[in-house]
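Chain A is the first sequence line, chain B the second, and so forth, proteins listed ahead of strands; every chain is numbered from 1. Note: hydrogens, waters and symmetry copies are ignored here, and every other heavy atom, side chains too, is used.
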There are 2 protein chains.
Amino acid sequence: MSPTHAPAGAARQGSLRELNLALVLGRIAAADRPPSRADLATATGLTRATVSAVVEDLLAGQLVSEADPAPRAGAGRPARGLVLADHGPAGLGLEVNVDYLAVCVVDLAGQVRHRTVHRADLRPVDPADALARLVELAGRARADADRQGLTLAGAALAVPGLVDDAGLVRLAPNLGWRDVAVPALLAEHPALTEQVPGVPALMVDNEANLAALGELHSRPPGPASFLHISGEVGIGAGIVLDGALFRGVRGWSGEIGHLPVHPQGRPCRCGGRGCLEQYAGQEAIVAAAGLARAELPADTATVRLAELAEAGDDAALRALRDAGTALGVAVAGVVNLLDLDTVVLGGGYAPLAPWLCPPVLTEIAARVLTAAWSPVTVRPSTLGAEAAVVGAAGSVVRRIVARPGGWLARCG
Amino acid sequence: MSPTHAPAGAARQGSLRELNLALVLGRIAAADRPPSRADLATATGLTRATVSAVVEDLLAGQLVSEADPAPRAGAGRPARGLVLADHGPAGLGLEVNVDYLAVCVVDLAGQVRHRTVHRADLRPVDPADALARLVELAGRARADADRQGLTLAGAALAVPGLVDDAGLVRLAPNLGWRDVAVPALLAEHPALTEQVPGVPALMVDNEANLAALGELHSRPPGPASFLHISGEVGIGAGIVLDGALFRGVRGWSGEIGHLPVHPQGRPCRCGGRGCLEQYAGQEAIVAAAGLARAELPADTATVRLAELAEAGDDAALRALRDAGTALGVAVAGVVNLLDLDTVVLGGGYAPLAPWLCPPVLTEIAARVLTAAWSPVTVRPSTLGAEAAVVGAAGSVVRRIVARPGGWLARCG
DNA sequence: GCAAATAATTCAATCGTTGAACAAATAGCG
DNA sequence: CGCTATTTGTTCAACGATTGAATTATTTGC
């Protein structure tokens, strides 16, 4: 968390260098223009001598490279700009969702260097088969990455469900998965299990969490704390606090879909009554708009809904307004509780944002105690449907940027 | 937050020692028996030589002292146990509340070494007057601390309202305060403004936040993540995530009292409808139980309510059950969102916990998606009404334990 | 009384940062 | 064209902190 607390381990000599590697690399990543060594020295408070030594390590490890000297006015020896390497380590992002498989590769700078989306209804498919198909796509992505001079340093898999620390998918209701041991199933595929010391070969995480991370690291940089809501069949939220994803005690945070908005209302499949999902979930909106939901795959339903709303269809507009109001009630509660100033509507909500935002803002204005002093921003996701895969791949490279020691120990 | 992110500043030589000072001191604080230098070496991973050097610094700065050798079986030179000093720096805790002023002193080990509670109705009192009275109590506390060989290293003030970063009390509705610049008003009183480098002389914070911190550091140590709910006239929550208080973007988190539990229900003074406060706030419970609330000060009302419930009074029991159900709906939402496994009922809720817990647990069981896999504990606060002052004083000493460098630089 | 065992300290070696001096490379100016 | 001012980046002795081994201190068990 943020959180200023003592470190876990002992601070030995080497930790010092590791901290400064992270500090300098982080500055290079955050800068909007390639900084020189001298810039980094003044920005970080380190000596130019130390910065030179640190940068030498980073160059040797292929984490940064020297760019063309940035033009500068005035006299003096020209600076050599430093940028994140476009040929160093990269992250592999994977996603299994209800109606598609996706794979992408993201480099250190956060650029998407490869992407594949394979549309298919995954519900009737056995988990092992689904993962086998995904591994095939991943193999092609790896080949493409190699061709571009990138080395995959790890992989992360996004799943629409509850995942525990060991990567076991406890429950993915809309996918029909229960207790699927993803790491064990993927262990047979060497394409994914190439080891980097200190970096787990594969991380499995909730789709909403990774989408929030994708949003966090998208350019231009947004706020460090926000709520990212993915409106799919279920409604998941990723909670980003002080630049870090909050995962909860067991990693199951973000189940905003089961916040009660009408405590005595419609029964929900979770066993409660009046959960948000029953009023603002995709199926609920589609049904309220009078569309036959069985006919349509999930992702085209929202597009169709947006078309109808655009055309001024009364039922669609009413359905969206009601869903937005329910969403607003829930979001207002969250904002009161966590004091966030930004809410991002992602996933299936992104294309519907023009109609959802107004009622959400109305509820916030009415219910949030501090709304009068400082406004709450509600905006659609910038990454859209790709947020989760991109966030998954990005989480791999972000871990390297945040702690480069592990990577350098391997590729020194 | 926990959060593994890079440090803010440059890691120079001295930071290394500072980190290890914090590491060793933290171990001494967390140990249940006085550890020897050798114990600390194995526990932290540092060399015995380093631990000796670090401990020497801590001894010189009066942060730890050597205890009687703990009896040990077997041969060998006896160890010298290390404990947190009972004569070093201490924290001053202050509280202004609706019907009392409180002051306490807490030493490094977390022991309360002085306490004063002054009962008075503070609502009609001018903020400056109230603070002046508090300063008088603080002066006596300081004298008492001096007599015990303690040096006050900072102070923290708990207020039942919204506080911003600068210590300005934006709004304390039940106290009738609005835009009260506490630090400016207290600056005239030198008893509180003795400076320690790196430690702000006075911190002002929300009462619910500090109560949660008090609970976090109470012995025996509880979980690192939990929700602490203070049920007073308003309902405030302190959110502790991974051992750190989560304050929100502007420091105004925890307004659980305005979570909507009946979106179209009773209007609330916040402008919304159906807020939790209208169903589980102290005034709401007292009214539902048929007590004339105007007759009773806030704190005796809950005691009276507990007596009635104990005696089997129907109206009181019904009022508590309904309040517990409303509270449970809100708490279930929070648990779904944040994935917490512990909820602490504090403040005015503590004595009512026997009647509130069952309906809260019922709602959690019905509404929390993951309740089937891992249970949620709901329990009363161990500190009771003193949690906020003790937490305030504790926050001062905790900051020293977490970063001893500042204190040692002063008292080397 | 002596050996074994455990605790704590001492000391040369090592590693990373520091600060200043030095080399490199350019713009401006006469 | 040559000189100076200016800024960048590197080199090097010094310093501070940790390390690991050797040493001293103190007790139990035989």
Side-chain angles (χ1 to χ4, degrees), chain A residues 7 9-24 28 33-60 64-82 404-405 408-409 412, chain B residues 7 9-24 28 33-60 64-82 404-405 408-409 412:
Chain A
R12 43 194 85 270
Q13 306 277 131
S15 347
L16 228 167
R17 173 53 66 94
E18 251 183 77
L19 287 171
N20 284 331
L21 282 165
L23 182 66
V24 169
I28 297 174
R33 263 179 308 194
S36 68
R37 290 165 175 78
D39 293 338
L40 291 169
T42 57
T44 59
L46 293 166
T47 328
R48 289 202 303 270
T50 307
V51 171
S52 280
V54 167
V55 166
E56 198 177 5
D57 281 8
L58 293 174
L59 284 169
V64 306
S65 51
E66 291 190 321
D68 292 339
R72 175 180 47 78
R77 169 176 168 174
R80 274 182 291 176
L82 296 165
L408 292 177
Chain B
R12 42 194 87 270
Q13 307 276 133
S15 343
L16 227 164
R17 173 52 67 94
E18 250 182 78
L19 286 171
N20 284 332
L21 282 166
L23 182 67
V24 169
I28 296 174
R33 263 180 307 195
S36 68
R37 291 166 174 77
D39 292 338
L40 291 169
T42 57
T44 59
L46 293 166
T47 328
R48 289 200 301 267
T50 306
V51 171
S52 280
V54 167
V55 166
E56 199 177 4
D57 282 8
L58 294 175
L59 284 169
V64 307
S65 51
E66 291 191 318
D68 291 339
R72 176 181 46 79
R77 169 176 169 177
R80 276 182 288 177
L82 296 164
L408 292 178

Rounded to the nearest Å, what distance is computed from the [atom1] atom of residue [X] to the [atom2] atom of nucleotide [N]?
X        : N       : atom1 : atom2 : result
Arg48(B) : dA8(C)  : CZ    : C1'   : 8 Å
Arg80(A) : dT10(D) : CZ    : P     : 6 Å
Leu46(A) : dG9(D)  : CG    : P     : 15 Å
Glu18(A) : dT17(C) : CD    : C1'   : 16 Å
Arg37(A) : dT18(C) : CZ    : P     : 17 Å
Leu82(B) : dA7(C)  : CG    : P     : 13 Å
Leu19(A) : dC15(C) : CG    : C1'   : 15 Å
Leu23(A) : dT17(C) : CG    : C1'   : 13 Å

Legend entry - Any residue meeting salt bridge (Lys or Arg N to Asp or Glu O under 4.0 Å) with Glu66(B), in chain and number order, not counting sequence neighbours: Arg37(B), Arg80(B)
Any N/O pairs under 3.5 Å between the protein and nucleotides 24-26 of chain C? List them or say none.
from	atom 1	to	atom 2	distance (Å)
dA25(C)	N3	Arg77(A)	N	3.2
dT26(C)	O2	Gly76(A)	N	3.2

Inset, instruction - Hey, could you give me the CD1/CG distance between Ile28(B) and Leu82(B), rounded to the nearest 0.5 Å? - result: 5.0 Å
Inset, instruction - Answer with base, sugar-phosphate or nothing: what part of the nucleic acid does Ala49(A) contact at a heavy-atom distance below 4.0 Å? - result: base
Inset, instruction - Remember a base hit wins even if backbone is also touched, and classify Ser36(B) as base, sugar-phosphate or nothing at under 4.0 Å, heavy atoms. - result: sugar-phosphate
Inset, instruction - Please list, chain by chain and in numerical order, all residues satisfying side-chain hydrogen bond (donor to acceptor under 3.5 Å, both in side chains) with Ser36(B), sequence neighbours excluded. - result: Asp39(B)
Inset, instruction - Using a 4.5 Å cut-off on heavy atoms from C-beta on, say whether the side chain of Leu21(B) contacts that of Leu58(B). - result: yes
Inset, instruction - State, to 0.1 Å, how close Asn20(A) and Val54(A) come at their nearest heavy-atom pair, and which atoms those are. - result: O-CG1, 4.0 Å
Inset, instruction - Taking all non-hydrogen atoms of both residues into account, name the closest pair between Val24(A) and Leu46(A) and its distance. - result: CG2-CD1, 4.1 Å
What donor-acceptor contacts under 3.5 angstrom involve side-chain atoms of residues 9-18 of chain B, with partners at least two apart or in another chain?
from	atom 1	to	atom 2	distance (Å)
Arg12(B)	NH2	Gly45(A)	O	3.3
Ser15(B)	OG	Arg12(B)	N	2.7
Ser15(B)	OG	Arg12(B)	O	2.8
Arg17(B)	NH1	Asp57(B)	OD2	2.8

Legend entry - Along DNA chain C (nearest heavy atom to each residue), the more 5'-positioned of Arg12(B) and Ser52(B): Ser52(B)
Which protein N or O atoms sit under 3.5 Å from an N or O of nucleotides 13-17 of chain D?
from	atom 1	to	atom 2	distance (Å)
dG16(D)	N3	Gln13(B)	NE2	3.1
dA17(D)	N3	Gln13(A)	OE1	3.1

Legend entry - Where at least one partner belongs to residues 46-56 of chain B, residue pairs that pass side chain to side chain donor-acceptor pair (under 3.5 Å), sequence neighbours excluded: none
